[in-house]
Amino acid sequence: MSALPVIGVIACTRPVEGENAQIVKERYLNAVRQHADALPLILPSNLDADDVAALLPKVDALLLTGSNSNISPARYRSPHAQRGMLDAARDSATARLIDAAVEGGTPLFGICRGLQEINVAFGGTLVDERDAGTPEFSHHAPDGVDLDAMFAYGHDAEVVPGAAYEKALAVSGPLKINSVHYQRIGELGEGLSAAVRSHDGVVEAVAAAGTKAPVFAVQWHPEWEAEKRPHDLAFWRYVGEAARRAAGLSQA
């Protein structure tokens with residue numbers, strides 16, 4: 001059996017039976033194994049600086065997953081009060097991981113909250129849909145909707161012409177994405193550019209320029225039934241190939 005690259009997958013802190021636990025949805029782990037052809041390594045969301053320094057050399061790429069928790073508004077200079085569930089430990093851990101990955105040249109990818117974390121780490125801001133002054137949230141499914149049905153609340157998006165990751169997404173025409181969230185990008189972080197925008201102009205994917213290794217993140221959820229959408233399969237292939245190159249396993 002040939003060697004496989006290792007992709008670090010960040011967890012979330014959640015209470016289980018009255019105690020904090022580290023949780024990663026199996027969909028992420030399955031997508032890494034099945035579609036990226038890599039081995040997932042779960043990284044706890046309470047990493048300190050020493051933990052990051054010790055763990056980063058053990059992975060060939062990093063994946064910042066989605067989460068039901070929001071990023072603290074204080075981290076992106078928002079005047080609005082915090083809303084919803086927060087995960088302060090993960091806020092701190094991902095900030096450390098992003099800085100170390102960019103500095104050390106580890107391929108870095110994000111999904112939903114992961115995109116938001118990367119944008120904030122690069123100096124960008126977020127907007128909470130509930131603070132936007134509109135009665136409906138065009139980018140979030142109504143409360144109580146089963147996440148398996150969230151494509152009913154999805155929408156079309158387009159790859160930005162000339163974007164660095166246009167070929168990586170392997171698409172032509174509109175993408176059907178399940179981008180359902182409260183927090184979205186306000187100002188792009190320094191060095192980031194929009195790779196995909198929704199029909200109403202909201203940034204749905206970002207890429208970094210001038211980094212030692214790829215930095216790419218999407219606002220939607222490619223781990224949900226990826227085999228049904230070519231652009232989601234292409235996302236995972238891109239993640240896996242970047243990890244293989246970092247591990248010295250790529251044939252290209």
Side-chain angles (χ1 to χ4, degrees), residues 9-14 23-25 27-28 45 62-99 108-145 147 150-151 153-157 175 177-208 215-224 235:
V9 181
I10 191 71
C12 302
T13 303
R14 291 288 185 275
I23 304 296
V24 175
K25 292 180 180 178
R27 292 179 190 268
Y28 291 110
S45 63
L62 285 174
L63 177 68
L64 307 181
T65 62
S67 168
N68 291 336
S69 63
N70 289 334
I71 297 173
S72 171
R75 287 193 170 265
Y76 54 95
R77 310 179 304 283
S78 172
H80 297 286
Q82 64 189 40
R83 291 175 180 261
M85 181 170 56
L86 301 181
D87 189 343
R90 173 160 165 165
D91 283 350
S92 298
T94 53
R96 295 184 183 103
L97 282 168
I98 292 166
D99 286 348
L108 174 64
F109 300 94
I111 293 173
C112 197
R113 191 189 207 268
L115 172 141
Q116 298 157 10
E117 290 165 338
I118 289 171
N119 189 57
V120 169
F122 276 70
T125 64
L126 304 178
V127 174
D128 194 305
E129 297 281 351
R130 295 161 291 186
D131 295 325
T134 55
E136 296 181 357
F137 316 129
S138 61
H139 287 76
H140 198 279
D143 290 342
V145 170
L147 289 179
M150 67 183 171
F151 264 103
Y153 304 92
H155 51 270
D156 289 342
L175 316 181
I177 59 174
N178 54 349
S179 180
V180 284
H181 55 274
Y182 282 130
Q183 291 177 314
R184 59 173 170 83
I185 287 180
E187 298 175 7
L188 276 170
E190 184 177 357
L192 296 179
S193 61
V196 175
R197 289 185 183 273
S198 66
H199 54 81
D200 55 1
V202 170
V203 175
E204 301 284 1
V206 299
V215 176
F216 183 57
V218 300
Q219 183 68 86
W220 67 89
H221 286 268
E223 78 281 5
W224 289 78
F235 171 86

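Numbers here simply count residues along the sequence, with the first being 1. Reckoned from all heavy atoms, side chains included, excluding hydrogens, waters and symmetry mates. Just so you know, these numbers come straight off a predicted model, no measurement behind them.
- Of all heavy-atom pairs spanning Ser45 and Thr13, the tightest one is OG-OG1, 2.7 Å.
- Using a 4.5 Å heavy-atom cutoff, the side chains of Asn119 and Leu188 are in contact.
- Under the salt bridge (charged side-chain N to carboxylate O under 4.0 Å, His left out) criterion, Asp99 pairs with no residue, sequence neighbours left out.
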Test side chain to side chain contact (heavy atoms under 4.5 Å, CB included) applied to Ile10 and Arg90, step by step: CA-CA 8 Å; Ile10 191 71; Arg90 173 160 165 165; 3.6 Å; yes
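- A donor-acceptor contact under 3.5 angstrom links the side chains of Arg14 and Ser67, judged on distance only.
- Between the side chain of Asn178 and the backbone N or O of Trp220, no donor-acceptor pair lies under 3.5 Å.
- At distances below 3.5 Å, at least one donor-acceptor pair connects side-chain atoms of Thr125 with backbone N or O atoms of Glu187.
- Taking Arg75 as the reference, Ser92 meet the side-chain hydrogen bond (donor to acceptor under 3.5 Å, both in side chains) condition, with sequence neighbours excluded.
- The nearest pair of heavy atoms linking Leu192 to Ala208 is CD2-CB, 3.7 Å.
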Discussion item. Using the rule given for side chain to side chain contact (heavy atoms under 4.5 Å, CB included), can you reason through Leu108 versus Leu64, listing the C-alpha separation, both sets of side-chain angles and the distance that settles it, and then say yes or no?
Written reply: CA-CA 8 Å; Leu108 174 64; Leu64 307 181; 4.1 Å; yes
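- Arg113 contributes no side-chain N or O that, together with a main-chain N or O of Thr65, makes up a donor-acceptor pair within less than 3.5 Å.
- The ring-ring contact (aromatic ring centres under 6.0 Å, His included) search around Phe235 returns none, not counting sequence neighbours.
- Within the 3.5 Å criterion, the main-chain N or O of Ile71 finds no donor-acceptor partner in the side chain of Asp91.
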So Val218 and Ile111, side chain to side chain contact (heavy atoms under 4.5 Å, CB included) or not? Walk me through it. CA-CA 5 Å; Val218 300; Ile111 293 173; 4.3 Å; yes
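- Taking the side chain as every heavy atom from C-beta outward, Arg184 and Glu204 never approach each other to under 4.5 Å.
- The backbone N or O of Gly66 sits less than 3.5 Å from a side-chain atom of Tyr28, completing a donor-acceptor pair.
- A 4.5 Å side-chain heavy-atom check between Ile98 and Leu62 finds every atom pair outside the cut-off.
- Heavy-atom minimum distance, Gln219 versus Gln183: OE1-O, 3.6 Å.
- Scanning both residues, Ile118 and Ala217, for their nearest heavy atoms gives CD1-CB, 3.9 Å.
- A heavy-atom distance below 4.5 Å is not found between the side chains of Asp156 and Leu175.
- Counting heavy atoms from C-beta on, the side chains of Glu117 and Leu97 never come closer than 4.5 Å.
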